[in-house]
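Protein chains get the first letters and strands the later ones, always in sequence-line order, with residue 1 at the start of each.
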There are 2 protein chains.
Amino acid sequence: MDVGVVIPETLEEARAHIAEALERRSWITIAALCKAWYEGRGASEATLGDRIVMVKPDGSIIVHGHRGFKPLNWQPETSAITVAIENSMLVLRALRRTPREILVLECSSVYAILIALNPEEGQFWMYVSEEEVREAIISDPSIVEEGLKIIDVEKPVEPGFVDLYARDKNGNIVVIEIKRVKAGEDAVKQLLSYVEAFRAKGIRARGILVAPSITENALKLLYLYNLEFKHVDLKKLYLSSAKRRARFKQLTDYI
Amino acid sequence: MDVGVVIPETLEEARAHIAEALERRSWITIAALCKAWYEGRGASEATLGDRIVMVKPDGSIIVHGHRGFKPLNWQPETSAITVAIENSMLVLRALRRTPREILVLECSSVYAILIALNPEEGQFWMYVSEEEVREAIISDPSIVEEGLKIIDVEKPVEPGFVDLYARDKNGNIVVIEIKRVKAGEDAVKQLLSYVEAFRAKGIRARGILVAPSITENALKLLYLYNLEFKHVDLKKLYLSSAKRRARFKQLTDYI
DNA sequence: AACTTTATATCGCTT
DNA sequence: AAGCGATGTAAAGTT
């Protein structure tokens, strides 16, 4: 990646550099004192303040304030970004067609511009997604219960989809709902609706909620409806993949 | 805001600047070639690639790749961030206590460091939030229906809180559920549960779902349960505030 | 294109 | 700390 830094003397100089960088579809980071307006699905206004603005080659624009993980303003994929000097201000406009929305930045000072070209992409993997938990249970159903046999995956049932549809060692139908994060009342209600769909047809069905943990209220609700909870250890599951064990050791060493 | 830019010659120089900036709780933006690992609620790995890393004074850390609105990795508010040279790499570690998670960046090159101190905060307003829609209806209930009288706001009812609780011109109790975005089946079910709570007590109650639009499935469900839908025009509502009209004109002129 | 579901959701507020 | 609801949620998958 080639990185250039500009400390502009004037707004016109800043405008010229940003215009050229936009033209070349660079990855631009701007530190500036500016106001911001957004209008589209909602509407917002930010008074004069210091911001760091990032424009990516794909047209996404992100305006950060000095705190918080979330940007103050943004535009996921714009159809057009323009830069101009108006009334002695550097004005950036990012337009989006669907939904129709606009973000306007009015900069009174530009402290620095960082322009990056030809970035190395690298690759990215997410592990232990809900899908991975499901895959792990499919390949080893004993994680949930001894003697369980998976019959179907994401089976369509009246209110939606059950994550897993199985039979226990006694021949009972078992509906399994998987949550990768702590299960709340919603998850219980969802599982209940699946189980009810079977019970309504006169079929006896067990319902098991599989999650790393569950809230107290959700557990009460679960027992009330005669459903079951099965704790699953994500860390264990993650480690069960031999390929990842080495990397994990390295990470835990840090902690 | 004071902004300094460093183009480090060596990783050790980069480390020293970042360490000092972290110490001073600066707002740091780093362009670097690095690998990343995350582990906590999930787990991820990113191979060597060019990234822009932002560390804010409150400890939030955001790692951006060259495309997409979302960062590759992040940590909302960390309890500790450290920087060190290990095996000829600049290693940044961001720890979070609750939930317990860790983000590790291993940089093999640091292209540029942007360090900002004492940023001007500025102020930020969000308009046309659900709360604003509610406020507008409270101050003018005829938006929903002629002759409506608001009795209570966020009234607790068995399954939760109704947004607005009113009486129509015929004396019927009216439960109002507000959605700022297109209403889906969830919104209908929510409204239904509130209305049912009244009907269970033998009180006749109408249920009105107020939203800018509604999905087809949700509308069918609504009619099935004998509930009502009232369209509300967010733009109109937004414009009805005289203070904002001038600004809005200016913005739409841009489009 | 509309709709549904997920997310390392985040964030703010209340209990 | 846990629960609950809104978000300019965004993004991905499905109908």
Salt bridge or not for [X] and [Y], using N-O below 4.0 Å?
| X | Y | result |
| --- | --- | --- |
| A:R41 | A:E101 | yes |
| B:K35 | B:E45 | no |
| A:K230 | A:E228 | no |

Roughly how many Å apart are D:dG8 and C:dT5, using the P atom of each and rounding to a whole number? 22 Å
When the P atoms of C:dT8 and C:dT4 are compared, how many Å lie between them, rounded to an integer? 22 Å
Tell me the interatomic distance from [X], atom [atom1], to [N], atom [atom2], rounded to whole angstroms.
| X | N | atom1 | atom2 | result |
| --- | --- | --- | --- | --- |
| A:I61 | D:dA10 | CD1 | P | 15 Å |
| A:K220 | D:dA2 | NZ | P | 14 Å |
| A:N73 | D:dA10 | CG | C1' | 16 Å |
| B:E130 | C:dG12 | CD | P | 17 Å |
| B:E135 | D:dA6 | CD | C1' | 15 Å |
| A:Q190 | C:dT4 | CD | P | 13 Å |

For B:Y38 and C:dT8, say yes or no: do the ring centres fall under 5.5 Å of each other while the ring planes differ by less than 30°? yes
Is A:W74 stacked on the base of D:dG8, meaning ring centres closer than 5.5 Å and planes within 30 degrees of each other? yes
Out of [options], whichever nucleotide has its closest atom nearest the side chain of [X]:
| X | options | result |
| --- | --- | --- |
| B:T98 | D:dG8, D:dA1, D:dA6 | D:dA1 |
| A:K182 | D:dT7, D:dA2, C:dA2 | D:dA2 |
| B:E177 | D:dG3, D:dA6, C:dT6 | D:dA6 |

Kindly state whether the ring of A:Y165 and the ring of A:F198 have centres lying under 6.0 angstrom apart. yes
Rounded to the nearest 0.5 Å, what separation is found between the CZ atom of B:R51 and the CD atom of A:E120? 9.5 Å
Interatomic distance, CG@A:L191 vs CD@A:E196, rounded to 0.5 Å, equals 10.0 Å
Does [N] have OP1 or OP2 under 4.0 Å away from a side-chain N or O of [X]?
| X | N | value |
| --- | --- | --- |
| A:R41 | D:dA10 | yes |
| A:R180 | C:dT5 | no |
| B:K179 | D:dG5 | no |
| B:K70 | D:dA11 | no |
| A:T215 | D:dA2 | no |

Here's a test of your reading of the structure: between A:D186 and B:G68, which maps to the more 5' nucleotide of DNA chain D? A:D186
Regarding [X], tell me which of base, sugar-phosphate or nothing describes its non-hydrogen contacts under 4.0 Å with the strands shown.
| X | result |
| --- | --- |
| A:N217 | sugar-phosphate |
| A:P76 | base |
| B:E216 | sugar-phosphate |

For the side chain of A:E185 and the base of D:dG3, is some donor closer than 3.5 Å to an acceptor across the two? no
